[in-house]
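Each ligand, and each atom within it, is numbered from 1 in the order the structure gives.
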Amino acid sequence: MTELSKPSFSTEIQPADTPGALGQAAELLSQGQLVALPTETVYGLAADARSHEAVSRIFEAKGRPAGNPLIIHVDSVGMARDCVVTWPSAAAQLAKAFWPGPLSLVLPKADLIPDIVTAGGVTVAVRCPVHPVMRGVLAKCSFPLAAPSANRSTCLSPTRAEHVVDQLGGRIPLVLDGGACAVGIESTVLDLTGVTPTLLRPGSISLGQLQAILGAVESARPVTDAGPVKSPGQLARHYSPRAKLELGDVPAAAIGEASEGTHVIAREPAPPAWPSERWHQLPDNPEGFARELYDTMHRCDQHGAEIIRVQPLPDTDEWAALRDRLTRASTGK
Ligand code: AMP
Ligand code: MG
């Protein structure tokens, strides 16, 4: 694990629509500094993807293990192609269907991208985001940005500027505040370097949507800590709140004596006996649930929750990314 950098910045939080804010971000990035900024998925911690030194600051600020590669953000297919050595027809078809948007494509890495970005690997993940703040900064920089989620390693991803400040305040010079993220969970990651395209991380763009464009798409083997992983985002423990996360229904017997530290995340209203401030009802559809999930877990943590109990989600493709995140968040504690 990379050592966490000591707090040494007074972190400025700038509303993204302040005149000059995007220019200030681009200026810092051009100087090799870090900027946290909103994307449609979650807030990202950006650095100049061409610079080993700039990217090393991301690993330091996050305490991210050097073996966990970063996703590169680009503002066009042209910029994506600068980062990779091949652009197969599958990439062209997917970019046409889903870019700009929450889909990261893994392809063979070009020399422009230093090894630190890909954790020494020969492949790189690229994505073209749709969020106007990220796009505005990319347009001003005109170089690709390495941008993992702007949280400390293994912790919950941030979907609001306040979440970034909680985790990285004092460790980075600037956070652009663009309000809450519209998607709320990390991008779908698809590996295009093998014979058959392989889903490495499910996201809001579902396996079914990818199959509709490409035909055969494999799903990477289930999450486990045993053996080598193709994508470190597959590590079992990831995306965790501070509280212990449990998956399952709240037993009827527990409802009468709702224990102090237990919060519930559900898609239905609280039973009358349950303290309403410890029951969080989220929308009963995957888009709405994803948009609110991390913010809700951040709030549970702030309220000192010891246990967050999440009621089971439907076993369908459109809920797969959320089941994946919750399974990982509940592992290893
Ligand atoms: P995040 O921290 O949310 O930006 O997630 C980055 C994740 O993207 C990693 O944990 C990996 O799962 C995935 N990823 C990035 N680059 C690669 C790559 N070259 N090969 C496979 N997976 C990658
Ligand atoms: Mg992350």
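- Without hydrogens or angle criteria, H298 side chain to S157 main chain gives a donor-acceptor distance under 3.5 Å.
- Judged by a 6.0 Å distance limit and a 45° cone about the ring axis, R309 is not positioned over the six-membered ring of W274.
- Heavy atoms of G121 come nearer than 4.0 angstrom to ligand 1 in no pair at all.
- Within ligand 1, counting atoms from 1 as listed, the ones closer than 4.0 Å to a heavy atom of N68 are 9 (C), 10 (O).
- Contact atoms of ligand 1 toward L200: 21 (C), 22 (N) (distance under 4.0 Å to a heavy atom of the residue).
- With hydrogens and angles left out, the side-chain atoms of Q33 and Q31 include no donor and acceptor closer than 3.5 Å.
- For ligand 1, the atoms lying closer than 4.0 Å to a non-hydrogen atom of T123 are 18 (C), 19 (N), 20 (N).
- E186 and S149 share no side-chain donor-acceptor pair at under 3.5 Å.
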(request) Applying salt bridge (Lys or Arg N to Asp or Glu O under 4.0 Å), run through E53 and R57 and close with a yes or a no. (result) CA-CA 7 Å; E53 200 189 343; R57 295 195 168 107; 3.4 Å; yes
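- Residue contacts with ligand 1 for R64 involve side-chain atoms from C-beta outward but no N, CA, C or O (heavy atoms, distance under 4.0 Å).
- Around atom CD of E306, no more than 12 heavy atoms belonging to other residues, nucleotides or ligands sit under 6.0 Å away.
- L70 counts as a contact of ligand 1, since one of its heavy atoms falls under 4.0 Å from the ligand.
- No heavy atom of K109 sits closer than 4.0 Å to any atom of ligand 1.
- Remark: distances from the non-hydrogen atoms of T118 to ligand 1 are all 4.0 Å or more.
- Among the atoms of S149, an N, O or S atom falls under 2.8 Å of the Mg ion (ligand 2).
- Between the side chains of R201 and S187, at least one donor N or O lies within less than 3.5 Å of an accepting N or O.
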